[in-house]
There are 2 protein chains.
Amino acid sequence: MSGPTVRDVAEVAQVSLATVDRVLNNRGGVSAKVVERVKAAVVQTGYVRNLAAANLSRRRIYRFCFVVPTGDTGFVALLHAALAQEQHRLREEQVVVQIVPTRPFDVEDQIAALRNLDCDAVAVMVSEAPEINEEIAALLAAGVRVVSLVADLPSSGRDAYVGPDNVMAGRTAAEFMGRFIKDTGNILMIAGSLAARDHSERLLGFQMVMQERYDGCTLLPAAQGADDAARVEQIVMDTARDRPIAGIYAIGAGNRGLVRAVGTLNPKPVTIVHELTQVSREALRTGTFDLVIDQDIRAGVIAAVGVMRDLTDSITPPADAGRIKLNIYSRENIQ
Amino acid sequence: MSGPTVRDVAEVAQVSLATVDRVLNNRGGVSAKVVERVKAAVVQTGYVRNLAAANLSRRRIYRFCFVVPTGDTGFVALLHAALAQEQHRLREEQVVVQIVPTRPFDVEDQIAALRNLDCDAVAVMVSEAPEINEEIAALLAAGVRVVSLVADLPSSGRDAYVGPDNVMAGRTAAEFMGRFIKDTGNILMIAGSLAARDHSERLLGFQMVMQERYDGCTLLPAAQGADDAARVEQIVMDTARDRPIAGIYAIGAGNRGLVRAVGTLNPKPVTIVHELTQVSREALRTGTFDLVIDQDIRAGVIAAVGVMRDLTDSITPPADAGRIKLNIYSRENIQ
DNA sequence: TTGTAGGCGTTATCAA
DNA sequence: TTGATAACGCCTACAA
């Protein structure tokens, strides 16, 4: 059950443990023919190194950072909660994580955060900008592994992306929007910022499906609410003054403002939002929101840590390791 | 940097390593005041156990079985896939699992399977019957921990239930059924067997919400398709001959037959089914099915293994450890 | 009820 | 170039 060990390799190769170790971790100082003998023995025995034992002996501790925006989005709160819930298990696995909050949409602040990092790997949820790419390149050059979280940064050279397929998220929102709306009508789409890749991808997916299959609906120009409750509320009220709204797709945060605004509208528009937070959960329960599309943040944290651990150990993470699922919540299946 | 260890705890508590270990893993055989002293020392030192070291040292291997029906439900295939995906992590945690397939709805076969078990704990997905209860009692008496999977067996004395809230599943199906149906109409509900607890609970939840909020719809008497494709197909065709069908809720399996039948109907009824399998995935993609309510089998496997491990170690599993989430899939978010 | 001693698989420090 | 040998942190017979 417990497979061949270095002892077995040593025995087959007729050398000592130390020599096997030297070859295995190519530290040099071993004659060519002995190297060959050891390598052959590894193949012959089918030896696979036991990472746990290696880390135990090496007293390795994984230091990971999460660079994520703060704000009233509730996202950081959920992230903190998820990390707290995983804290114990993470500690047991020798990983220490630190959250570095940044001001939302503030590139300067994000850069500052990335400069002050001291860790083996970092999961970043930051803007897509050339300066950020440079910063990430510097981190990579310094041997820090970088994972993009929730919003991908494909042009940054990051090691991996952990998050949902945001185009799919937008398409899913559209599918339910189209089916929930009985007739035709105006659809209001509110993003936080179209410069945020997750938001623009969701918007893209949403528009694609609405135009493709539910073209009885009229898509109003996409608004930007900066993930701010007051701004979001204002956008809804302003829009509703000019014309009836049949549906609202809130792509980013600021749902507290959305609840206030939707409460004043009659008839109530079909309202679809992202992230299952205190606010959206309650709004779902009372019928103010009709659907919540949630990326399971706990799963995201677990996936991110797993990927960072693999990367830190120079292991290629499984292809789908970073893909996290979208959960759909109606008033009947809130958890 | 490398944190406190058992030695530190032992020193502070003025006891030996073995005693600390006994307290840490509550194995008993330690006087109350020493227990207190050790616990205080743990708090004082901030000790966190090193899982890698623990697993390395522990030669214990957990042997678990899954007794589940085979058949055209695709469930066993999904279960196998889920286990395969978890294999690596499970092996690292010293657990070996074996799948024992049984013929669906065949109580004799289920009993035979339960008799031939050799393991520390078993997760069973079997019928609710007195003979089964006896068999489970025998297992429990023999020291094998028993967990009911997907369908609960409350009267069997099983140690725990791992599965979804099936009433909630039915309620969720009704919520989407009500919203997807534009007007009013006849709703056909097809269970596998009303003697199966998961099926009857789903039906109950579905009926509750339909009557409560979508009473424009007419619920036809619930049919039983024995999870058999041909039977299910026949039921749909027979029903459609007499009256138009606006919606179909398929509570159990046999979705292959449902696909065939629905394909012949015009207009196509809103069709909501359970379990994301090859068949339902494809039907979702082509528009034959409108919604799939899926119990995440991978999550179920992980939860079941966790609960079985706790039970085997005589630890009371956390209250919500067995509750698994319901995922909702439309054509746009199939994974 | 408590303690001692040895081992899990790998790494690292000495000598030889 | 090589090889003993002692950690790493925890678990567990076996004693006492």
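Each chain gets a letter, A, B and so on, in the order the sequences are listed, and its residues count up from 1. Computed from a predicted structure; not experimentally measured.
The residues A:Asp120 and A:Arg63 are annotated as salt-bridged, a charged nitrogen and a carboxylate oxygen being separated by less than 4.0 angstrom. Ion pair A:Arg89/A:Glu86 flagged as a salt bridge, since at least one NZ, NE, NH1 or NH2 atom sits closer than 4.0 Å to an Asp/Glu carboxylate oxygen.
As judged by a 4.0 angstrom heavy-atom cut-off over every strand, A:Val30 is placed among residues touching the sugar-phosphate backbone only.
Look at B:Asn25 and you'll find a side-chain N or O under 4.0 angstrom from OP1 or OP2 of D:dC11. A close approach under 4.0 Å does not occur between any side-chain nitrogen or oxygen of A:Arg59 and OP1 or OP2 of C:dT10. In this structure, B:Arg58 does not reach the C:dG7 phosphate: none of its side-chain N or O atoms is under 4.0 Å from OP1 or OP2. For A:Ser16, a side-chain nitrogen or oxygen approaches OP1 or OP2 of D:dG3 to under 4.0 Å. Look at A:Arg60 and you won't find any side-chain N or O under 4.0 angstrom from OP1 or OP2 of C:dT11.
Between D:dT2, C:dT4, C:dT2, one nucleotide has an atom nearer to the side chain of B:Thr19 than all others, and that is C:dT2. Checking D:dT12, D:dA4, C:dT11 against every side-chain atom of B:Asp21, the shortest atom distance belongs to D:dT12. The side chain of B:Arg49 approaches D:dC10 more closely than any other nucleotide in the set D:dT12, D:dC10, C:dT2. Among D:dC11, D:dG9, C:dT11, the nucleotide with an atom closest to any side-chain atom of B:Leu56 is D:dG9. Looking at the side chain of B:Thr5, the nearest of the listed nucleotides D:dG9, D:dT5, D:dT2 is D:dG9. Here the nucleotide nearest the side chain of A:Ala18, chosen from D:dT12, C:dT10, D:dG3, is D:dG3.
Checked by distance alone, B:Ser57 brings a side-chain donor or acceptor within 3.5 Å of a matching partner on the base of C:dG7. Scanning atom types as modelled, one donor and one acceptor separated by under 3.5 angstrom connect the side chain of A:Arg22 and the base of D:dG3.
Counted within 6.0 Å of CZ on A:Arg27, heavy atoms from surrounding residues, nucleotides or ligands total more than 12; the atom is thus considered enclosed. Atom CZ of A:Arg7 sits in a sparse spot, with 12 or fewer heavy atoms from other residues, nucleotides or ligands closer than 6.0 Å. A 6.0 Å sphere centred on CD of A:Gln335 holds more than 12 heavy atoms belonging to other residues, nucleotides or ligands.
Taking five base pairs at each end of the helix from C:dT1-D:dA16 to C:dA16-D:dT1, the local helix axes there meet at an angle of 40°, rounded to 10°.
Contact record, A:Leu90 with A:Leu83: CD1-CD2, 4.4 Å, taken as the closest heavy-atom pair. Residue A:Leu326 comes nearest to A:Asp165 through the heavy atom pair CD1-O, 4.1 Å, listed as atom of the first residue, atom of the second, then distance.
Between B:Glu11 atom CD and D:dG9 atom P there is a gap of 14 Å when expressed in whole angstrom units. Atom-to-atom, CD of B:Gln14 to P of C:dG3 comes out at 10 Å; the value is rounded to the nearest Å. What separates CD of B:Glu36 from P of C:dT2 is a distance of 13 Å, to the nearest Å. Summarising the geometry, the separation between CG on B:Asn50 and C1' on D:dC11 is reported as 13 Å, rounded to the nearest angstrom. Remark: P of C:dT11 and CZ of A:Arg7 are 13 Å apart, rounded to the nearest angstrom. In this entry the distance linking CG of A:Leu24 with C1' of D:dT2 reads 16 Å, nearest Å. Computed from coordinates, the A:Arg27 CZ to C:dT13 C1' distance equals 11 Å when rounded to whole Å. Atom CG in B:Leu51 sits about 15 Å away from atom C1' in C:dC8, given to the nearest Å.
Checking side-chain atoms of B:Arg145 against main-chain N and O of B:Leu311 turns up a donor-acceptor pair under 3.5 Å.
Each of A:Ser31 and A:Leu17 was assigned the nucleotide of DNA chain D with the nearest heavy atom; the assignment lying further toward the 5' end belongs to A:Ser31.
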